[in-house]
Number of protein chains: 2
Amino acid sequence: MRERNLAVVLEQVVRCQPVTRARLAEHTGFTKTTVSNLLAVLEGAGLVQDGALVQGGERGRPGIAVSVNGDGAAALGLEINVDYLAACVLDLGRRTRYHQLVTFDNRGRPPESVIASLGRLAAEAVAAAAGQGLNVAGAMVAVPGLLDRENGLVRRAPNLGWTDVPVSTLLRDALPDLPIPAAHDNEANLAALAELWFGDGARHGGFIHVSGEIGIGAGIVMDGQVLRGTHGFAGELGHLIVEPGGAPCTCGGRGCLEQSAGQDAILRAAGLPAVTATTAAKPDGPIKALIALLERSDPRALAALDGAGRALGATLASAVNLVDPGAIVLGGIFSPLAPWIRPAVEAALAEGGGSLRTEVPPVVASELAGNAAVLGAAGVVIERVIGHPALLLPS
Amino acid sequence: MRERNLAVVLEQVVRCQPVTRARLAEHTGFTKTTVSNLLAVLEGAGLVQDGALVQGGERGRPGIAVSVNGDGAAALGLEINVDYLAACVLDLGRRTRYHQLVTFDNRGRPPESVIASLGRLAAEAVAAAAGQGLNVAGAMVAVPGLLDRENGLVRRAPNLGWTDVPVSTLLRDALPDLPIPAAHDNEANLAALAELWFGDGARHGGFIHVSGEIGIGAGIVMDGQVLRGTHGFAGELGHLIVEPGGAPCTCGGRGCLEQSAGQDAILRAAGLPAVTATTAAKPDGPIKALIALLERSDPRALAALDGAGRALGATLASAVNLVDPGAIVLGGIFSPLAPWIRPAVEAALAEGGGSLRTEVPPVVASELAGNAAVLGAAGVVIERVIGHPALLLPS
DNA sequence: CATATTAGTAAACTGTATGGATTAAATAGC
DNA sequence: GCTATTTAATCCATACAGTTTACTAATATG
C-alpha cells in the first residue's frame, strides 16, 4: 500500500524533475500532507532531495523544489556482445556517470571466462560509482540470444556459441549484496527500451526498434513495455522471409531478411570483405569502411544499401500492419547508415504498409547507436528502483 | 484501496468458482477476516452467493462454498456486421442467458438507422435479462472497422460504408443508466478475446486469432490483453504482402493476403460465385456451398483451400517471428474450413516460422466461429465488472 | 467422549491516508 | 511600512482498512 504510493510519488518526481510538494499533491491526487510524509521516507532512503526555492504562481510562499537525488542510488548496466564487453553506471537522474567498453573477441570463449571478465568490469564500475558517492542498487546484463528469463539462463546465443548458460546466477556470485539482484535480458529488447527512455522513442508512443548487428533483431515497444511474446522470442525480424526460395539462412529457412539486409550481406553486396573473427574484434571497423565508400558515392555501396533498405522496408511493412507502431527506429549499424538506407526503407514501407490507415509511420535513426543495449540495461534497473522504491528503504 | 481488494477477491472467486473463504484467504494472501468482510460487500452488491457446505480436507469443519451469483449482474454484448446484427447477454458465470441474431443487409444503410435497430435489439435483450432476474451492468459493441476509441467513434468501416460515426454516443442514448456505459471495440479484437475467455485460447498463453470474414483481420492476445498498436490498428494481417506485385487490393497495395485467402478469393478459386449484396445477406451461405464441394473432394475447391492456406501460413510465419504467439487460432470462416485449410497453413508455417526457436506454434480451429465477436463484447463487460466491482456497489 | 483439525467470526490493534487548522513566506494594495 | 491575500508546507485528530489474537462452530479420529 504505502509501497505503491511511494512509487507513485517517486515516479512523478522523476517525470517532473524539479517539483514542489504542492504540484506533486495535485498530480498524484494525494493530499499535501501525504506527499510530505512519503517524500520524507524517500529522502531518508536517499532517493530524492530538497533543492532551492521555486516560485510557482505570481505570489504566495514559494515551494521547495524536490528533485531526484543524483548522488544516491545508481544502476549498473552491462553488455555481453560478440566482440566487446561493456558497463555503464547511471544515476537516478538518468545521467551517465561511468562508461566503459572493452573490446574482446568472445566467440568460443568459455562462458565462465567471459562472465568472469564481465564481473571484473562490473566490480570496477561499482567501485567507480562508489567513488562518486553512488550506491549501485542493481544490475542488468544485455545478452544477444534467446533467453529463458524465468530460470535465469541464456538458452542459445548462436553468435557467442553459448547454450544454457546461467548468466544471472553466475553474475550474482560476482556481484553479491545488491538490493536488486542481477538479471539479464535480450540485447534487442534492451536497446528498444533505451530508445524509449533515453532517445526520443517516447514521442512516438509505441515503436519498433530495429537492431542491426550481425543479425537483425527488433524490439517492439507498446504502452511503455517490450512485447516479449509467449516464450520471449518476439521481434525476430531478421527471419521474416523477403525472398521466397532465396538464399538459405542459418535458421534453416530461405530468403530471410538477414540474408538481404544483415551486416554480412550488405558488406558483400558493397564489395567489402565479410566480417571474420579478427575484423569483428574492431567494433564498427567494417561499417566505417562502408561509410567511407558511401561518402565517396561508390555506386556499388549505394546499390547495396538501396537493396538492403528495400528488403528491410518490405519486411517492416508487414510489421507495421501487424503491430501498428508509431515509428520505426533504426538502431545498431542501421543508425550510422541511416542517411543511405532510409530512403529505400521509406519507399518500400510506403508501398506495403498501406492497409486502411492513411499514413505510414516515420522512419528515424536512433541517436544511441551502439550504446543502446547497455543504457537500456541500466534503464531497466532505474525503472525497477522507481517502481519499487521500498526495496531501497533502510530496514 | 478497498476497491482493488474487492476486485482481487472477486477475481479469485470467478477463477475457482466454488471456493471456501479459507481457500480464498490462502490464494489472495488476505486474512480470513478480511476475505469475509470483502465477501460481505460483494454479496451485498449481488455479485457472489453462498452455497452448500464443502468438505475440503479430511476432517474439520466444512467450509461454505462461495460462488459467483449467476442471477445478479449481467453483460450485454452487441455486434454490428455487414449482414447481421447480434446481441447476447452473459451472466457473471459466463453462461449465455440470451442470444439473438437478426440478418440485415447493413451496407449503405444510414448509421443512425442501423444503430436504432441495434438499440431495439439491445432493449429486447435487457428486457429478457430482467425477466430472468438479471441486471445488465454494461454493454459493448463489436464493429468491423478502424476505431477511435478515445473519442468513441468509428473512424472507417469500409464494408459498412461508414465514416466517423459516434457509435458509443448514439448507443448510450438508446441504453441510458447503465453503471458501465456502452462502448465499442473492433470485431477482430473482441473475437480474439472471446477465444481467450470462452474458447481454449487461455491454454496457449498468448495467441493470434485470425478472423476470416470478407476481409482478414487478426487479434493478437499477449499476457491476457489485446495488442492494439499506437493508433489501435494492429492486427491488419489481411494486408501483409504475400505475392509482391500481385493482384491489386482495396488498400492500394498489391498482392495482399486478402487477395489470396480472403473469402472472395477462395470462392473464386473454387469456382463459386463471389459474394454479392444479396447472397451476403445469408450468413455462411457461400461457405456452406464451399464446404459441400470440399466434402465431395472437389479438386478445384481443395486446390483453392490449399492455395489460401499456403498464403495464410506464409503470412502467419511473419507474424510468428514478430510476435511469438503460443498458438494460431483459426476463426471466422477459417473455423469451419479448418479441416481443409489447416494442413497447408501448417506446412507453410513450418517453412517460414523457423527462426531460432525449435517449434512452430500449433494451429487450432476456434470453436466459437461466428459468435466470437458478440461473446467477446459481453466478455469485456464481464471483465470490467470483475475488475471494478465497486462500480456496482449500492451507493 | 475427548482430542485434533479445519472454517469462520468478533474485538482489539496497527499502520496509512485524510481533513481541517496552523505556521511560513512571499506579493499587492493602501 | 503596514495589512490583506495568496500559496506552501506542516501538525494533530480522525477515519478507514486490514491484521492479530482469541474464540466459537462443525466435523473426523481414536
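Just so it is clear: chains get the letters A, B, ... in the order the sequence lines come, proteins before strands, and each one is counted from 1. What you see is a predicted model, and the numbers here were worked out from it, not measured in a lab.
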Kindly say whether, by distance alone, the side chain of A/Arg61 makes a donor-acceptor pair under 3.5 Å with the base of D/dA8? yes

Measure the distance from CG on B/Leu53 to C1' on D/dA25 and round it to the nearest whole Å. 11 Å

Do B/Arg21 and B/Glu26 sit within salt-bridge range, that is, some charged N less than 4.0 Å from a carboxylate O? no

Measure from CG on A/Leu39 to P on D/dC11 and round the result to the nearest Å. 14 Å

Are A/Arg21 and D/dT10 close enough that a side-chain N or O sits under 4.0 Å from OP1 or OP2? yes

How would you label the contact of A/Asn37 with the nucleic acid (heavy atoms, under 4.0 Å): base, sugar-phosphate, or nothing? nothing

Phosphate-side-chain proximity, A/Asn5 and C/dA17, N/O vs OP1/OP2 below 4.0 Å: yes

Which nucleotide wins on minimum distance to the side chain of B/Thr31, given the candidates D/dA8, D/dT19, C/dT18? D/dT19

When the distance from CG of B/Leu38 to P of D/dC16 is rounded to whole Å, what number comes out? 16 Å

I want to check one thing: is the phosphate of C/dT6, taken as OP1 and OP2, less than 4.0 Å away from some side-chain N or O of B/Arg23? no

With the threshold set at 4.0 Å, does a side-chain nitrogen-carboxylate oxygen contact exist between B/Arg172 and B/Asp177? no

Within the pair A/Thr33 and C/dT18, is there a side-chain N or O less than 4.0 Å away from OP1 or OP2? no

Rounding to an integer number of Å, can you tell me how far B/Lys32 NZ sits from C/dA10 C1'? 13 Å

DNA chain C: 5'-proximal contact among A/Met1 and B/Glu26 (nearest heavy atom): B/Glu26

At under 4.0 Å between heavy atoms, what does A/Thr34 touch on the DNA or RNA strands: base, sugar-phosphate, or nothing? base

Salt bridge B/Glu383-B/Arg94, side-chain N to carboxylate O under 4.0 Å: yes

Measure the shortest side-chain to side-chain distance between B/Val41 and B/Leu6 over non-hydrogen atoms and say whether it is less than 4.5 angstrom. yes

Name the residue closer to the 5' end of DNA chain C, choosing between B/Ala65 and A/Leu6 according to the nucleotide with the nearest heavy atom. B/Ala65

Quickly work out the A/Leu24 CG to D/dA9 C1' distance and round it to whole Å. 12 Å

Grab the CZ-P distance between A/Phe30 and D/dA8 for me, whole Å please. 19 Å

Taking the side chain as C-beta and beyond, is there a heavy-atom pair between A/Asp185 and A/Leu147 under 4.5 Å? yes

Under 4.0 Å between a side-chain N/O of A/Arg2 and OP1 or OP2 of C/dG15, yes or no? no

